[in-house]
Amino acid sequence: MHLFRAPNCTYYTRICYPKSLRDMGFPFDVKISLLTKTRAIAKKRNLRVILAVNQAMDSITTETVPGEFKSSLNKQIDAVRLSFSDVSAEGVPLRFATKGKIEVRGPNLAVKQCEQVPLKLALEMFISSKSKEGVRTLTVQQLHQRISHFIDAIKPDFTDEVTSACALGYRDLLLDEGRSHKTNKDYLAASSQLFKWCCLMQFTDANPFALITLKQHSLVEPNSARTRWQKRDLQALFSHEEFQKAENDLKWATLLMMFQGLRPSEACQLRTADVIKQEGLYCIKINNGGEKQRVKNASSLRILPIHQFLLKHGFIELVERANKAKRVQLFSYIPTNQNEDWSRQYCQYFGRMQNRMGMKPGSRPTPYGFRHTFIDELKQHEVDENIVAELVGHKNQKITFGRYGKKYKISLLKKYVDVISYDIDCTRLF
DNA sequence: TCTTTAATACCTTCCTCAGT
DNA sequence: ACTGAGGAAGGTATTAAAGA
């Protein structure tokens with residue numbers, strides 16, 4: 001019997017049976033993994049597991065059937081592991097020394113003393129704590145909305161009233177209400193987050209949502225979740241008078257998505273200064289240098305050579321005109337409402353235009369679909385996944401640091417953006 | 001043990017509807 | 001046309017489990 005340590009504090013305990021037992025027909029050994037914050041906690045927990053296994057082994061007689069013993073041992077080990085949930089990550093017991101009295105301190109919260117914490121108060125405190133984490137306001141708003149949905153449905157008054165049975169009942173209710181699988185998962189995750197926080201605050205002993213799952217998997221294939229634009233859709237769009245008479249901003253933003261694979265918001269927030277020259281080639285720099293300009297995440301930062309189609313139809317001239325007019329933003333789109341949503345105006349104009357074209361919401365391809373189309377076209381042309389990932393700003397974990405870590409040359413990327421060709425007639429567009 | 005793959009948690013953005 | 005609200009999906013990081 002020995003302990004060894006694996007990276008990131010996963011501790012494995014491997015228990016090898018003594019030879020005498022192996023001779024009796026116990027050809028297996030037991031492997032237990034424990035994930036903890038510190039080595040000290042892992043050691044303590046391992047000792048408890050080993051104790052349980054030792055006790056079980058002592059009960060082995062010549063009558064013991066190996067298969068049955070294995071399953072009963074597994075149950076005992078699980079029971080020990082489950083008992084760890086009464087201990088927080090730092091190894092501090094969650095139970096109070098003075099049970100029932102709760103003391104809360106926070107910058108904006110007076111010291112409170114009460115027998116139980118009202119759930120709505122806990123929610124407000126959680127939300128206020130969450131909004132300090134530097135996440136987008138919409139994220140916090142969405143969390144609030146989804147947890148409120150749970151509270152309104154089940155109507156518990158206090159944090160410690162919520163049992164796993166309540167949580168399960170709520171799950172069933174969600175399943176009846178007919179949202180998508182992923183949305184249901186996110187609803188459950190929101191409430192789970194609240195109770196996780198309640199555990200840390202010592203408002204509750206356990207997270208009632210911890211073991212609640214949805215089981216049935218989403219039937220939607222990940223790569224067909226949103227429909228791409230087929231070539232005939234693109235041709236129909238280009239030859240439709242609604243698109244031809246649309247504002248230039250809308251046309252150009254659309255072209256940027258089609259030919260460069262930009263996200264709608266990335267196209268809408270482009271500045272004139274983001275069109276640069278590198279290695280002698282015109283490029284678009286996706287960055288967060290401007291006022292209110294932002295990127296989705298670190299891997300979104302990238303420099304893209306501009307596609308020949310855009311060059312041919314006057315993209316550089318457009319930028320130069322904007323420069324001459326001393327415009328900071330390339331387009332007239334501005335981040336609207338408190339969410340500072342850059343793509344909203346564009347997406348709404350585009351959606352209304354599609355309505356006029358007779359394309360029905362829900363079944364029509366959407367602006368984000370241009371990005372799917374871009375990626376899919378490159379995929380169909382057997383372009384290396386790493387190249388595509390870099391063009392669209394995805395993180396690619398397959399590239400090993402130090403070996404393939406260098407960025408591709410702009411001239412190489414240029415060769416690949418130009419692979420895009422939709423073969424559409426655009427003589428009347430410009 | 002070490003590596004690879006699958007599942008989950010969490011955050012951000014996009015899409016649509018209804019009210020004004 | 002603009003907003004708020006809520007549903008839906010995209011995407012990364014972390015964690016669990018399986019494989020070699």
Side-chain angles (χ1 to χ4, degrees), chain A residues 2-14 29 31-37 81 130-131 133-146 148-149 174 177-194 196-197 207 209-215 217-218 220-227 257 262-269 294-300 334-352 354-355 359-372 375 389 392-398 400:
Chain A
H2 60 278
L3 295 175
F4 52 85
R5 180 166 184 239
N8 69 18
C9 283
T10 304
Y11 286 78
Y12 296 99
T13 304
R14 176 170 278 174
D29 54 7
K31 192 168 89 173
I32 304 144
S33 65
L34 293 172
L35 189 88
T36 61
K37 293 279 182 204
R81 292 172 81 180
K130 197 77 201 172
S131 54
E133 285 182 11
V135 295
R136 308 288 311 159
T137 50
L138 193 61
T139 301
V140 178
Q141 209 174 297
Q142 202 170 42
L143 272 174
H144 189 278
Q145 182 267 122
R146 289 173 175 181
S148 297
H149 182 262
L174 276 181
E177 288 185 351
R179 292 176 192 81
S180 78
H181 180 264
K182 193 172 193 310
T183 304
N184 280 341
K185 265 173 83 165
D186 280 355
Y187 267 73
L188 289 175
S191 288
S192 181
Q193 247 194 85
L194 168 70
K196 211 165 151 185
W197 177 86
N207 177 358
F209 282 85
L211 298 174
I212 307 296
T213 54
L214 276 176
K215 302 288 188 304
H217 277 161
S218 169
V220 187
E221 284 287 317
N223 57 4
S224 65
R226 228 169 231 162
T227 45
M257 283 174 235
L262 300 192
R263 296 184 175 94
S265 60
E266 286 172 343
C268 293
Q269 62 181 314
R294 62 175 197 271
V295 290
K296 188 173 182 188
N297 48 50
S299 43
S300 304
I334 48 167
T336 56
N337 67 35
Q338 83 264 28
N339 301 323
E340 302 184 326
D341 188 343
W342 280 95
S343 67
R344 181 169 187 141
Q345 279 180 323
Y346 168 84
C347 288
Q348 272 190 336
Y349 292 155
F350 198 88
R352 276 200 291 271
Q354 284 179 302
N355 285 338
M359 299 168 88
K360 295 271 177 288
S363 56
R364 67 194 181 198
T366 62
Y368 206 83
F370 290 125
R371 190 168 153 87
H372 284 267
I375 293 172
V392 299
H394 284 168
K395 178 142 187 156
N396 194 324
Q397 289 174 315
K398 284 177 188 164
T400 326

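Chain A is the first sequence line, chain B the second, and so forth, proteins listed ahead of strands; every chain is numbered from 1. Please read these numbers as outputs of a predicted model, since none were measured by experiment.
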Quick test: give all pairs of protein nitrogen or oxygen and nucleotides 9-11 of chain B nitrogen or oxygen below 3.5 Å, distance rounded to 0.1 Å.
residue: B/dC10; atom: OP1; partner: A/K196; partner atom: NZ; Å: 2.9
residue: B/dC11; atom: OP1; partner: A/K130; partner atom: NZ; Å: 3.1
residue: B/dC11; atom: OP2; partner: A/K130; partner atom: NZ; Å: 3.3
residue: B/dC11; atom: OP2; partner: A/Q193; partner atom: NE2; Å: 3.4

Between [options], spot the one nearest the side chain of [X], thanks.
{"X": "A/Q145", "options": "C/dG10, C/dG6, B/dT16", "result": "C/dG6"}
{"X": "A/Q142", "options": "C/dA8, C/dT3, B/dC14", "result": "C/dA8"}
{"X": "A/H372", "options": "B/dT13, C/dG11, C/dG10", "result": "C/dG10"}

Categorize A/R146 for me: base, sugar-phosphate, or nothing, with a 4.0 angstrom heavy-atom threshold over every strand shown.
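Base contact.
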Practice item. Remember a base hit wins even if backbone is also touched, and classify A/T183 as base, sugar-phosphate or nothing at under 4.0 Å, heavy atoms. Key: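 Result for A/T183 = base.
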Rounded off to whole Å, could you give me the [atom1]-to-[atom2] distance for the [X] and [N] pair?
{"X": "A/I334", "N": "C/dA1", "atom1": "CD1", "atom2": "P", "value": "15 Å"}
{"X": "A/Q348", "N": "B/dC14", "atom1": "CD", "atom2": "P", "value": "13 Å"}
{"X": "A/F370", "N": "B/dC14", "atom1": "CZ", "atom2": "C1'", "value": "14 Å"}
{"X": "A/F350", "N": "B/dC15", "atom1": "CZ", "atom2": "P", "value": "9 Å"}
{"X": "A/D341", "N": "C/dA9", "atom1": "CG", "atom2": "C1'", "value": "14 Å"}
{"X": "A/K360", "N": "B/dC17", "atom1": "NZ", "atom2": "P", "value": "11 Å"}
{"X": "A/Y346", "N": "B/dT16", "atom1": "OH", "atom2": "P", "value": "12 Å"}
{"X": "A/E266", "N": "B/dT13", "atom1": "CD", "atom2": "P", "value": "10 Å"}

Would you please confirm or rule out a distance under 4.0 Å between OP1 or OP2 of [N] and any side-chain N or O of [X]?
{"X": "A/R364", "N": "B/dT16", "answer": "yes"}
{"X": "A/Y349", "N": "C/dC2", "answer": "yes"}
{"X": "A/S265", "N": "B/dT13", "answer": "no"}
{"X": "A/Y368", "N": "C/dG11", "answer": "yes"}
{"X": "A/R352", "N": "B/dC15", "answer": "no"}
{"X": "A/T366", "N": "B/dC14", "answer": "no"}
{"X": "A/R179", "N": "C/dG6", "answer": "no"}

Hey, are the side chains of [X] and [Y] touching, using non-hydrogen atoms and a 4.5 Å cut-off?
{"X": "A/T139", "Y": "A/K130", "result": "no"}
{"X": "A/H372", "Y": "A/T366", "result": "no"}
{"X": "A/R294", "Y": "A/R136", "result": "yes"}
{"X": "A/S265", "Y": "A/D341", "result": "no"}

Main chain of [Y], side chain of [X]: is a donor-acceptor contact present, judged purely on distance under 3.5 Å?
{"X": "A/E266", "Y": "A/M257", "value": "no"}
{"X": "A/R364", "Y": "A/M359", "value": "yes"}
{"X": "A/R263", "Y": "A/S343", "value": "no"}
{"X": "A/S192", "Y": "A/L188", "value": "no"}

May I ask you to verify whether the side chain of A/E340 and the base of B/dT13 hold a donor-acceptor pair under 3.5 Å?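 When only heavy-atom distances are counted, A/E340 does not reach the base of B/dT13 through any donor-acceptor pair under 3.5 Å.
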| request: State whether the distance check finds a donor on one side and an acceptor on the other, under 3.5 Å, for side chain A/R344 versus base C/dG4. | output: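 Indeed, a donor on one side and an acceptor on the other fall under 3.5 Å apart.
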Check: With nearest nucleotides of DNA chain C determined for A/I375 and A/N184 from heavy-atom distances, which residue corresponds to the more 5′ nucleotide?
Finding: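 Upstream on the strand: A/N184.
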